[in-house]
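Residue numbers count from 1 along this sequence. Not measured: the values here are computed from a predicted model.
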Amino acid sequence: MIKTKIVATIGPACNRPEILSAMVDAGLDVVRLNFSHGTLADHTVALEQTRRVARQRGATIAVIGDLCGPRFRVGQIAGGQCELIQGQHVAIRRDPVEGTPQHLSTNHPVLVDDVVVGDRILIDDGMVCLRAVDKRTDELICQVEVGGTVASQKGINLPDTRVSSPSLSPKDVKDLEWAVAHGLDYIALSFVRSPEDIYELRRHLKEREGHMGVIAKIERPEAVEQIDEIIEHSDAVMVARGDLGVEMDPARVPLIQKDIVLRCQRHSVPVIIATQMLQTMVGSPLPTRAEVNDVANAILDGADAVMLSAETSVGRYPVEAVAMMNRIAAETEDFLARSGPQLERHPPTASLHVTSAVVHGAQLLASELGARLVGVWTESGFTARLLSKRRLRQPIAGLSSDERVCRRMCLFYGVTPIQANRPDDDNAMLVELDHLFVERRLAWQNDLIVVVAGTRLHKPGATNALLIHLVGMTPLPR
């Protein structure tokens with residue numbers, strides 16, 4: 001069982017029970033529903049199948065809903081696409097018009113207001129590059145610097161522009177309402193620009209009584225500039241390297257990725273590395289050596305999760321892609337286990353409170369005593385998250401009576417979620433742990449385990465106790 005979590009995007013290639021089952025067996029932990037593609041009816045089917053397969057396989061699978069955010073796209077083009085020639089001029093119109101090589105439109109007319117003369121307009125992940133040379137009331141005149149084919153609905157990036165569009169579009173709000181109504185576990189916001197975008201999403205969640213975790217997708221230069229505050233107010237972070245590599249110099253992206261992973265480590269916030277990790281496997285049963293290195297290095301840096309996008313949503317080998325992720329993680333984690341403490345990263349302890357101190361103590365005890373396992377009873381998942389970021393050598397069992405909390409723990413590195421009710425009596429609690437751990441083959445008779453718990457039962461934030469226990473050695477109540 002690997003510690004790194006595997007996230008896979010659901011799409012036409014894998015949205016069938018037999019494929020999803022095989023992906024779960026291959027190591028899938030988290031499913032991503034991409035609201036940029038498909039309808040809510042499609043996502044409903046995908047969610048129902050995911051939940052059904054998880055029950056059938058006895059697995060705990062989290063589900064992320066990925067909002068589009070302020071994504072700019074090319075409008076409809078006559079014939080579906082057109083060719084832009086280097087050096088020519090093309091107008092981007094405010095009003096929706098059928099696109100031609102002479103004029104285009106977008107899904108966000110505000111682009112005409114936000115872009116200033118001299119700004120770049122990148123289309124289709126930067127394959128086509130325009131530069132604004134004149135601005136009029138209802139159109140932007142651009143010169144084609146890098147020509148190519150432009151198709152309807154292709155993405156537009158504005159790396160030089162401060163975009164004024166709200167972080168949540170009307171479509172995002174509709175998708176968010178669906179996510180809340182269907183009990184998704186996480187909601188991811190695309191193109192986060194500042195902490196205010198996270199605050200706005202949380203306000204919408206509070207109004208709708210949504211209790212899912214918030215994932216900030218880092219894709220814009222503004223987000224990188226304010227990364228610490230964004231991390232602090234997010235439940236998880238996704239380094240979305242596709243758009244980030246278009247919005248910024250791609251040569252900077254590897255170092256930005258490493259920096260964000262380290263900062264998430266310090267803040268005890270899970271971090272997902274995403275985009276083109278095994279891109280070759282969209283059409284090939286094997287990845288390139290460079291892709292294997294990419295996944296391994298993300299894990300070496302301290303990523304909690306690695307994500308598959310097109311590889312599983314539209315690729316020919318979705319099961320094989322998950323299995324390959326699993327193999328790479330297994331080899332990399334084995335290397336980390338053999339390499340000693342120099343590769344371990346621990347969050348700072350300057351701001352220790354009771355829970356953090358107990359977690360720190362659990363780490364020391366597990367290491368000094370060579371424990372088989374660390375079990376943590378958690379009402380909200382917070383203590384399990386802190387333990388996860390300690391990068392213990394031992395597996396962590398996160399125990400909660402709340403199914404939603406268990407699913408959210410699917411994103412925590414090294415944590416195996418177990419849904420269970422905690423007995424009030426400590427001896428009965430330890431007997432229950434013995435049963436749960438042996439049944440799941442996480443521990444055996446006479447194994448030493450460390451247990452993290454709280455004496456104030458069923459109260460979040462009340463973790464204050466450490467127990468050292470030998471499996472099967474609990475005295476039964478008289």
Side-chain angles (χ1 to χ4, degrees), residues 36 66-74 92 106-108 110-132 135 140 142 145-146 154-169 172 188-201 214-234 236-267 269 271-277 294 298 301 303 307 309:
S36 294
D66 196 335
L67 300 173
C68 301
R71 160 62 94 175
F72 289 80
R73 293 189 181 277
V74 175
I92 298 179
T106 78
N107 61 330
H108 287 286
V110 72
L111 179 147
V112 176
D113 300 313
D114 291 344
V115 174
V116 301
V117 172
D119 285 0
R120 290 169 295 163
I121 299 97
L122 306 181
I123 302 174
D124 192 10
D125 289 338
M127 299 301 292
V128 174
C129 176
L130 316 179
R131 191 175 295 273
K135 188 169 183 174
L140 195 66
C142 304
E145 291 192 343
V146 178
K154 283 296 182 181
I156 296 175
N157 291 89
L158 305 171
D160 307 321
T161 305
R162 293 283 177 174
V163 177
S164 63
S165 296
S167 59
L168 293 172
S169 68
D172 289 328
L189 180 59
S190 300
F191 298 101
V192 171
R193 294 162 293 187
S194 70
E196 283 70 27
D197 292 342
I198 303 298
Y199 307 154
E200 179 67 16
L201 176 55
V214 170
I215 300 175
K217 292 176 66 179
I218 308 302
E219 302 169 277
R220 292 280 300 173
E222 301 99 306
V224 175
E225 293 168 6
Q226 303 180 71
I227 189 63
D228 280 313
E229 191 173 351
I230 290 171
I231 293 171
E232 184 180 350
H233 291 91
S234 302
V237 167
M238 183 189 297
V239 184
R241 304 173 307 176
D243 282 290
L244 187 61
V246 177
E247 297 276 351
M248 305 183 72
D249 180 355
R252 294 184 59 199
V253 171
L255 299 180
I256 290 171
Q257 171 181 314
K258 289 176 181 291
D259 182 60
I260 292 174
V261 170
L262 183 57
R263 290 173 188 270
C264 287
Q265 191 76 7
R266 291 171 179 163
H267 286 277
V269 171
V271 57
I272 307 163
I273 304 300
T275 318
Q276 297 181 337
M277 301 213 79
D294 181 35
D301 289 340
M307 193 175 99
S309 300

S.K.: Would you say the side chain of Leu67 lies within less than 4.5 Å of the side chain of Leu201, judging by non-hydrogen atoms?
M.R.: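 They are in side-chain contact.
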S.K.: Kindly give the heavy-atom pair with the smallest separation between Ile231 and Cys264, and that separation in Å.
M.R.: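 Looking at all heavy atoms of both residues, the closest pair is CD1-SG, 3.8 Å.
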S.K.: Among all residues two or more places apart in sequence or in another chain, which pass the salt bridge (Lys or Arg N to Asp or Glu O under 4.0 Å) test with Asp259?
M.R.: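 By the salt bridge (Lys or Arg N to Asp or Glu O under 4.0 Å) rule, Asp259 matches Arg263.
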S.K.: Side-chain contact, heavy-atom cut-off 4.5 Å: Phe72 with Val163?
M.R.: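 In short, these two side chains touch, coming nearer than 4.5 Å.
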S.K.: Could you tell me which non-hydrogen atom of Ile272 sits nearest to which non-hydrogen atom of Ile215, and how far apart they are?
M.R.: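 Scanning both residues completely, I find the closest heavy atoms to be CD1-CD1, 4.2 Å.
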S.K.: Rounded to the nearest 0.5 Å, how far apart are CD1 of Ile156 and CG of Leu122?
M.R.: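 Going from CD1 on Ile156 over to CG on Leu122, the span is 10.0 Å.
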S.K.: In Å and rounded to the nearest 0.5 Å, what is the CG to SG distance from Asp124 to Cys129?
M.R.: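 Between Asp124 CG and Cys129 SG, I get 12.5 Å after rounding to 0.5 Å.
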S.K.: Of Arg120, Lys217, Arg220, which meets salt bridge (Lys or Arg N to Asp or Glu O under 4.0 Å) against Glu247?
M.R.: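 Exactly one candidate clears the test, Arg220.
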S.K.: Can you tell if the side chain of Leu189 reaches within under 4.5 Å of the side chain of Val214, non-hydrogen atoms only?
M.R.: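 The answer is no, as the side chains (C-beta and beyond) never meet within the 4.5 Å cut-off.
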S.K.: Residues in salt bridge (Lys or Arg N to Asp or Glu O under 4.0 Å) with Glu145, at least two apart?
M.R.: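 For Glu145, the residues satisfying salt bridge (Lys or Arg N to Asp or Glu O under 4.0 Å) (neighbours in sequence not counted) are Arg131.
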S.K.: How close do Ala236 and Val269 get, heavy atom to heavy atom, and via which atoms?
M.R.: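 Closest approach of Ala236 to Val269, heavy atoms only: CA-CG1, 3.6 Å.
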S.K.: Of all heavy-atom pairs between Pro159 and Pro221, which one has the smallest distance, and what is that distance?
M.R.: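 Here Pro159 and Pro221 meet closest at O-CG, 4.4 Å.
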S.K.: Drop me the distance from Ile218's CD1 to Arg241's CZ, to the nearest 0.5 angstrom.
M.R.: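 Result: 14.0 Å between the selected atoms.
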S.K.: Ignoring hydrogens and geometry beyond distance, is a side-chain donor-acceptor pair present between Thr161 and Asp114 at under 3.5 Å?
M.R.: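 Distance-only check fails for Thr161 and Asp114.
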S.K.: Could you tell me which non-hydrogen atom of Arg193 sits nearest to which non-hydrogen atom of Ser167, and how far apart they are?
M.R.: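 What the structure gives for the nearest pair is NH2-N, 3.3 Å.
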S.K.: Tell me the closest heavy-atom pair linking Lys135 and Val115, and the distance in Å.
M.R.: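 Smallest interatomic distance, heavy atoms only, reads NZ-O, 2.8 Å.
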S.K.: To the nearest 0.5 angstrom, please state how far the CD1 atom of Ile198 sits from the CD atom of Glu232.
M.R.: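 The CD1 atom of Ile198 sits 12.0 Å away from the CD atom of Glu232.
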S.K.: Is a donor from one side chain sitting under 3.5 angstrom from an acceptor on the other, for Ser36 and Asp66?
M.R.: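 Asp66 and Ser36 do not have a side-chain donor-acceptor pair below 3.5 Å.
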S.K.: If the condition is salt bridge (Lys or Arg N to Asp or Glu O under 4.0 Å), which residues does Glu196 pass it with, not counting sequence neighbours?
M.R.: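 Per chain and number, Glu196 pairs via salt bridge (Lys or Arg N to Asp or Glu O under 4.0 Å) with no residue.
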S.K.: Count the heavy atoms belonging to other residues, nucleotides or ligands that lie under 6.0 Å from NZ of Lys154, then report whether that count exceeds 12.
M.R.: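 Open.
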S.K.: With the side chain counted from C-beta on, respond yes when Leu140 and Leu130 share a heavy-atom pair under 4.5 Å apart, and no when they do not.
M.R.: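 Answer no - side chains too far apart.
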S.K.: With a 4.5 Å heavy-atom cut-off, do Asp243 and Arg71 have their side chains touching?
M.R.: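 Contact flag for Asp243/Arg71 side chains = yes.
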S.K.: Indicate yes or no: at least one non-hydrogen side-chain atom of Thr106 is less than 4.5 angstrom from one of Ile92.
M.R.: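 Of all side-chain heavy-atom pairs linking Ile92 with Thr106, at least one is under 4.5 Å.
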S.K.: Working to the nearest 0.5 angstrom, can you tell me the gap between Leu158 CG and His108 NE2?
M.R.: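 NE2 of His108 is found 10.5 Å from CG of Leu158.
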S.K.: Rounded to the nearest 0.5 Å, what separation is found between the CG atom of Leu244 and the CG atom of Asn157?
M.R.: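 Nearest 0.5 Å value for the CG-CG distance: 10.0 Å.
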S.K.: Are any of the side-chain heavy atoms of Asp113 and Ser164 separated by less than 4.5 Å?
M.R.: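 No, every pair of side-chain atoms sits at 4.5 Å or beyond.
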S.K.: Would you call Ser194 and Asp197 a side-chain contact if the rule is heavy atoms closer than 4.5 Å?
M.R.: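 SC-SC contact between Ser194 and Asp197 confirmed.
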